[in-house]
Amino acid sequence: MEYNFNSIEKKWQQAWKDQQAYKVSNDNGRPKFYVLDMFPYPSGAGLHVGHPLGYIASDIYARYKRLKGFNVLHPMGYDAFGLPAEQYAIEHGVHPAVSTQKNIETFRRQLDNIGFSFDWSREVRTSDPQYYRWTQWIFLQLFNSFFNRNTQKAEPIAGLIKIFEQEGNVHHPIPNEKFVLNNSQFTIRKSQFSSTQWASFDEATQQTILMEYRLAFCGYGEVNWCEALGTVLANDEVVNGVSERGGHPVEKKKLRQWYLRITEYADRLLEGLKTVDFSEAMKEMQSNWIGKSSGAEITFAIKSEQGKVDHFTAYTTRPDTIFGVDFCVIAPELDYIADITSKEQKEAVENYLAYVKSRSERERMAEKKITGVFTGAYALNPFDGKEIPIWISEYVLAGYGTGAIMAVPCGDERDYKFAKHFNIPITNIIGDHFNGEEANPTKDAILQHSGFLNGMLMRDAMEAAIKALEEKGVGTRKVNYKMRDAAFSRQRYWGEPFPIKWINGIAYALNEGELPLTLPEVESYSPGPEGEGPLANITDWTARQLETNTMPGYAGSSWYFLRYMDPQNDEQFASREATDYWNQVDLYIGGTEHAVGHLLYSRMWTKVLHDLGHIGFDEPFKKLVNQGMVQGSSRFVYRINGTNQFVSHGLIDANHEYKGQLLDKIHVDVNFVDGVELDRDAFKKWKNAEFGDAEFLLEDGKYICGTETEKMSKTKYNTVNPDDLVEKYGADTFRMYEMFLGPVEMSKPWDTKGIEGVHRFLKKLWRLFYKETNSGESVWQVNEDAATAAELKVLHRAIKKIEDDTERFSFNTGVSGFMILVNELTDLKCHKREILEPMLVMLAPYAPHIAEELWHALGNTSSVIDANYPGFEEKYLVETSKEYPISINGKMRTTMHISLSAEQQEIETLVLANDVVQKWIDGKTPKKIIYVKNKMVNIVV
RNA sequence: GCCCAGAUGGCGGAAUUGGUAGACGCGCUAGACUCAAAAUCUGGUUUCAGCAAUGGAGUGCAGGUUCGAUUCCUGUUCUGGGCACCA
């Protein structure tokens, strides 16, 4: 028998499928373990070698846990709604459902090649009506709930209505402080209303107010509008002012949009991070995104010519610096600017506002010039009445805090630069801490020139200042967040329809019985009128007054981990029994790119479902592992400009030329390159029209390519298809090699070269079972002899090492562990069942096919994947006698055989009895003898 | 600019709590088998000096703590990632 991996792998993949070997039941008496991969968006490009990295790691862990006696849930599915399929539909007229189905089939075929242990009976697809029915249902839960700030959790909106009927909203103020209700009958101060007022409101007014509380709500707001994509994007989908997908420009636009009131969960999302096992980097990304800061809002009286506006409010995190305020700055978008501008400054202000308007978001972010204009008005310092000029500048953002700041140039770098630029005098309140050259944001200075705060340490003065502000009624303690409510609608076709009906401008939820509201067929995927989605083109849809937006890509992915627990349930999104049993995802593997998108949204949805009593846990993922990116290792050829001559990399001059001639640097398909040496014939055939007559200037008879590490992509010809590697080396080799590349978390460039080594290892392992004779035959050579102590030692050490490595996700050293084991057994000429059988069980998570094949060859009838993971015995791990290094004062002198069973005391005796040691320490009594971790004995004289 | 992570042979990377740095693999190299090549197997492979035994240096750079530092501390350089007018 040769190691014919292709037939072995096909055979066992089929067998596992036939036996439904990976089908898992909800509760089979064993402890549960939930291993989840971030499900893929099935793109048309198929898998490259980077995609399976995380899947292989999770598969190894899932299989390992199964062997360890756990009931393991390890499902897979598809994030099937999304922009690319729709874009493809617009360009090629193919229905997104059709292209998505085709892409899924490709993905599935590629995944199956690698031998994963997914329970495919639990597959979910977010675009399946039986799935998105429950996405819509959860949306209705969000729509029909509000966040009760007093209990800090989501509660049904029906309860809020009862409260309004009894006491108005005194104890439940409208979350948006800027909200103003225009009602002809009542003037509502600070958006507060009584029970009688509530009762007198008409339906429209009541619904408008309720909309201000709903966790999924509709409102007008500035959104990130992408003209090229014809849709709105969430903040995390915009990178540097352009869309994450496609890199199209994004502008601010006011539109009616659906939102998730995720800001209400800011604190709990932050708190929850303490209870989960995510990397520090990941936690930090999330908490930066939430961006909690605490400080105070301070009201400044305004002294202006017109006198129309008598005060404004600024937000600061440093109320202790109140006496260092030398000017105030308000955002150009604020509506009261015209009312405070003086006659003299009117023209300058108007010019400035026009200038700001002319600048795009992108320019503003890219340039960061210091610009601004004086309004002619003054703010009065609430404590000493000092007149403070009020400026307008684009560096103050309207959307954060109050859109107005108090500027303290000696303590804040931006304020300092602004003051210098406009020659505003600077007050120094921190003495020597301020050198006049740059601002110093310290909190450890003693305050000066600060009225009643003089002599106080800044960190202590914060509290004192807030107290004083509150006592005077000119300020309050205030917490702010950078995070905004998440835009939750898209003017697109390929997404979940909202289960919402509009009647007289009021949004009403559909009944649960009307779900799923299925996506209708459309004739064209182009946008509807006035920035609306394609659904607005359908007469029947609009006649039914249905919402024409669809949900964004992250809707379906915010809860899919729950559906896997009970995927066929058509009564509920998942039974409480199932969610109680499977509970949190014990191990979640995926990339960091979802740090502030998917991971935050799914955490929020989980919390809402928990608050409403639908599930019993409020964090979805117990442990998160971020796999690193696999980068492409690109190869280049260099053509002399204007010729068909290609110059080998080593012949190129330091200034990237060849004998003074310019070179074109051309990406070449990495699959034609062996290491760095180009397969010249394959290269010519590749693009025959262009390179067919290529001539090569060689070095040592070879054409050497240039290399660079870049992102893996088709256009750079640096993608490697796993199918090809599986075909050539087998899935087991491919799996182990992906792991062998390095730690799962680390990003690394793909290099196919080393795969031979792993393949050689598997062949060597095979030869422990089958001996190749000189005549070319293979003979079964496993015997039933009892293992020797040396062999058992080798085995048990390997069990311990590989188990440890697997537990701590160090799969690369785990693979090394197998290599060492096989090398040692080969050296020992050990072909004993007693040793080889447990080895196969350990191997099964890493290389399941070969393990299964040899397991059956040993005469086992049941599958290796149902075996028990071997345990190790301590006694085989302990060295009975070992060569110990002995050092005197840290300087190593010799080695000695010492019995390890001896206690530390006995070792001292042994050491001191040794003549050589006695000579070294020259008859002196050692001060101490340090016995270090079974490794070294050090004598300090 | 701010925050985080990292830097180890020709290469990918090991060293789990401070204890003989360089496991394992690639590559290179010598040898075996072969008419030959491929495949396979065996040995060598941090570097400098030496025929060798052996000795010196060595984990980005400069210091420190320690009998002993890749590991801990301070400073510094570079690389990767994240955030970026959030007051």
Side-chain angles (χ1 to χ4, degrees), chain A residues 239-240 279-289 291-293 295 314-318 321 328-329 364-365 367-370 393-397 399-408 411-415 417-418 441 480-484 592-593 595-596 626 628-629 631 675 709 736-737 740-743 745-761 763-764 767 772 774 801 804-805 807-808 810 812-823 826 883-885 887-892 895 927-928 930-941:
Chain A
V239 179
N240 290 329
S279 71
E280 285 307 310
M282 172 62 60
K283 288 185 185 180
E284 183 151 322
M285 268 190 252
Q286 293 207 358
S287 55
N288 284 347
W289 184 261
K292 182 176 182 169
S293 72
Y315 174 71
T316 181
T317 55
R318 296 297 301 274
T321 61
C328 283
V329 188
R364 200 167 148 169
M365 295 227 265
E367 293 175 18
K368 283 188 194 171
K369 285 195 287 191
I370 299 173
S393 175
E394 58 183 337
Y395 86 88
V396 172
L397 306 175
Y400 183 77
T402 60
I405 62 154
M406 53 178 239
V408 184
D412 183 285
E413 198 53 40
R414 292 156 306 177
D415 297 347
K417 284 186 178 146
F418 193 88
N480 257 325
Y481 301 91
K482 287 190 212 174
M483 185 169 66
R484 299 276 88 98
T592 36
E593 66 271 19
V596 292
N626 298 112
M629 278 225 296
Q631 293 135 325
T709 299
M736 292 193 96
Y737 183 57
F740 190 62
L741 275 177
E745 297 91 334
M746 201 185 280
S747 287
K748 57 234 154 189
W750 177 264
D751 174 16
T752 302
K753 271 221 138 170
I755 198 168
E756 297 276 358
V758 175
H759 193 55
R760 241 168 255 160
F761 149 74
K763 285 196 277 190
K764 197 166 182 178
R767 286 198 300 271
E772 283 170 48
N774 291 335
K801 174 173 170 49
D804 283 356
D805 289 343
E807 282 290 356
R808 66 191 174 98
S810 182
N812 55 331
T813 54
V815 174
S816 302
F818 283 112
M819 290 177 171
I820 295 165
L821 174 61
V822 167
N823 285 343
T826 304
E883 229 7 49
Y884 271 83
S887 64
I888 313 290
N889 289 344
K891 188 82 178 162
M892 218 211 353
T895 54
K927 281 189 205 138
K928 70 180 169 178
I930 307 163
Y931 167 73
V932 190
K933 291 182 197 171
N934 300 357
K935 282 185 183 166
M936 180 181 288
V937 177
N938 187 39
I939 302 168
V940 183
V941 184

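Both backbone and side-chain heavy atoms feed into the values below; hydrogens, waters and symmetry mates do not. This is a predicted model, so every value here is computed, not measured.
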>> Please name the nucleotide paired to B/G68 by Watson-Crick or G-U wobble geometry with both distances under 3.5 Å, or report none.
In response: none
>> I want to verify a distance call: between B/C26, B/A87, B/G25, whose nearest atom is closest to the A/Y315 side chain?
In response: B/A87
>> Just to be sure I understand the rule, does A/R767 reach a base, reach only the sugar-phosphate, or reach nothing, if contact means heavy atoms closer than 4.0 Å?
In response: sugar-phosphate
> B/C33 and B/G68: how far apart are their C1' atoms, nearest whole angstrom?
Replying inline: 49 Å
>> When you measure from the side chain of A/D412 to the backbone of A/D415, do you find a donor-acceptor pair of N or O atoms at a distance under 3.5 Å?
In response: yes
> Mind checking the C1' distance from B/A62 to B/C67? Whole angstroms is fine.
Replying inline: 24 Å
>> Within 90° of 0 counts as syn, otherwise anti: where does B/G27 fall?
In response: anti
>> In this structure, how many angstroms lie between the C1' atom of B/A87 and the NZ atom of A/K417, rounded?
In response: 14 Å
> To the nearest Å, how far apart are A/E280 CD and B/A5 C1'?
Replying inline: 12 Å
>> Suppose you measure atom P in B/A53 against the same atom in B/A49; what distance do you get, rounded to whole Å?
In response: 15 Å
> Charged N to carboxylate O under 4.0 angstrom, A/K801 versus A/D805?
Replying inline: yes
> Taking a pair as Watson-Crick or G-U wobble with both distances under 3.5 Å, which nucleotide is matched to B/G9?
Replying inline: none
> Out of B/G13, B/C85, B/C41, which has the shortest distance to the side chain of A/M746?
Replying inline: B/G13
>> Measuring only the P atom in each nucleotide, how far is B/G31 from B/A38? A whole number of Å is fine.
In response: 14 Å
> Separation of A/D415 atom CG from B/A87 atom C1', in whole Å?
Replying inline: 7 Å
> Taking the side chain from A/Q286 and the backbone from A/A595, do they hold a donor-acceptor pair closer than 3.5 Å?
Replying inline: yes
>> Which nucleotide wins on minimum distance to the side chain of A/K764, given the candidates B/G13, B/G25, B/U42?
In response: B/U42
>> If I pick the P atom on B/G64 and the same atom on B/G55, what distance separates them, to the nearest angstrom?
In response: 27 Å
> Given A/M736 and A/F761, is the side chain to side chain contact (heavy atoms under 4.5 Å, CB included) satisfied, shown in steps?
Replying inline: CA-CA 10 Å; A/M736 292 193 96; A/F761 149 74; 3.7 Å; yes
>> For A/W289 and A/M483: C-alpha separation, side-chain torsions, deciding distance, then whether side chain to side chain contact (heavy atoms under 4.5 Å, CB included) applies.
In response: CA-CA 6 Å; A/W289 184 261; A/M483 185 169 66; 4.2 Å; yes
>> Mind checking if A/I820 touches a base, just sugar-phosphate, or nothing, with heavy atoms under 4.0 Å?
In response: sugar-phosphate
> Atom CD of A/E413 and atom C1' of B/G1: how far apart are they, to the nearest Å?
Replying inline: 9 Å
>> Under 4.0 Å, heavy atoms only, any strand: does A/P749 hit a base, just the sugar-phosphate, or nothing?
In response: nothing
> Tell me: CD1 of A/I405 to P of B/C85, nearest whole Å?
Replying inline: 14 Å
> Rounding to the closest angstrom, what is the interatomic distance between B/A15 and B/A36 at atom C1'?
Replying inline: 44 Å
>> Let's see if you can work this out: which of B/G13, B/A23, B/C41 has an atom nearest to the side-chain heavy atoms of A/S816?
In response: B/A23
> For A/S293, which contact category applies under a 4.0 Å heavy-atom criterion: base, sugar-phosphate, or nothing?
Replying inline: sugar-phosphate
>> Could you identify the nucleotide paired to B/U74, looking across every strand shown and requiring Watson-Crick or G-U wobble geometry with both distances under 3.5 Å?
In response: B/A62
> For A/T813 and A/G817, take the nucleotide of RNA chain B holding the closest heavy atom to each; which residue's nucleotide lies nearer the 5' end?
Replying inline: A/T813
> NA contact type, A/V815, heavy-atom cut-off 4.0 Å: base, sugar-phosphate, or nothing?
Replying inline: nothing
> side chain to side chain donor-acceptor pair (under 3.5 Å) between A/S293 and A/Y315: does it pass, once the steps are laid out?
Replying inline: CA-CA 11 Å; A/S293 72; A/Y315 174 71; 3.0 Å; yes
> So, is A/Y737 near the phosphate of B/G25, with a side-chain N or O under 4.0 Å from OP1 or OP2?
Replying inline: no
> If you measure from the C1' atom in B/G22 to the same atom in B/A7, how many Å do you get, rounded?
Replying inline: 16 Å
>> Whether A/N823 contacts B/G25 is assessed here as follows: a side-chain N or O lying under 4.0 Å from the phosphate OP1 or OP2. Is that the case?
In response: yes
> Who is the Watson-Crick or G-U wobble partner of B/G50, with both distances under 3.5 Å?
Replying inline: none
> Is there a Watson-Crick or G-U wobble partner for B/A30 with both distances under 3.5 Å, and if so, which one is it?
Replying inline: B/U42
> Given atom CG of A/D804 and atom P of B/U16, what is their separation to the nearest angstrom?
Replying inline: 12 Å
> Between B/A87, B/G25, B/G27, which nucleotide has the shortest distance from any of its atoms to the side chain of A/M819?
Replying inline: B/G25
>> What contact category does A/R760 fall into here, base, sugar-phosphate, or nothing, at under 4.0 angstrom with non-hydrogen atoms?
In response: sugar-phosphate
> Going through the distances and angles, do A/W750 and A/T752 end up as a side chain to side chain donor-acceptor pair (under 3.5 Å)?
Replying inline: CA-CA 6 Å; A/W750 177 264; A/T752 302; 2.6 Å; yes
> Which one is paired to B/U20, where only Watson-Crick or G-U wobble pairs with both distances under 3.5 angstrom count?
Replying inline: none
> Which whole-number value in Å describes the distance from A/K748 NZ to B/U79 P?
Replying inline: 22 Å
> If you measure from the C1' atom in B/U71 to the same atom in B/U20, how many Å do you get, rounded?
Replying inline: 16 Å
> In Watson-Crick or G-U wobble terms, both distances under 3.5 Å, what is the partner of B/G1?
Replying inline: B/C83
> Would you find a donor on one side and an acceptor on the other, under 3.5 Å apart, between the side chain of A/S747 and the backbone of A/M629?
Replying inline: yes
> OP1 or OP2 of B/A14 sitting under 4.0 Å from any side-chain N/O of A/N812?
Replying inline: yes
> Quick one: A/K763 NZ to B/G25 P, roughly how many Å, whole number?
Replying inline: 15 Å
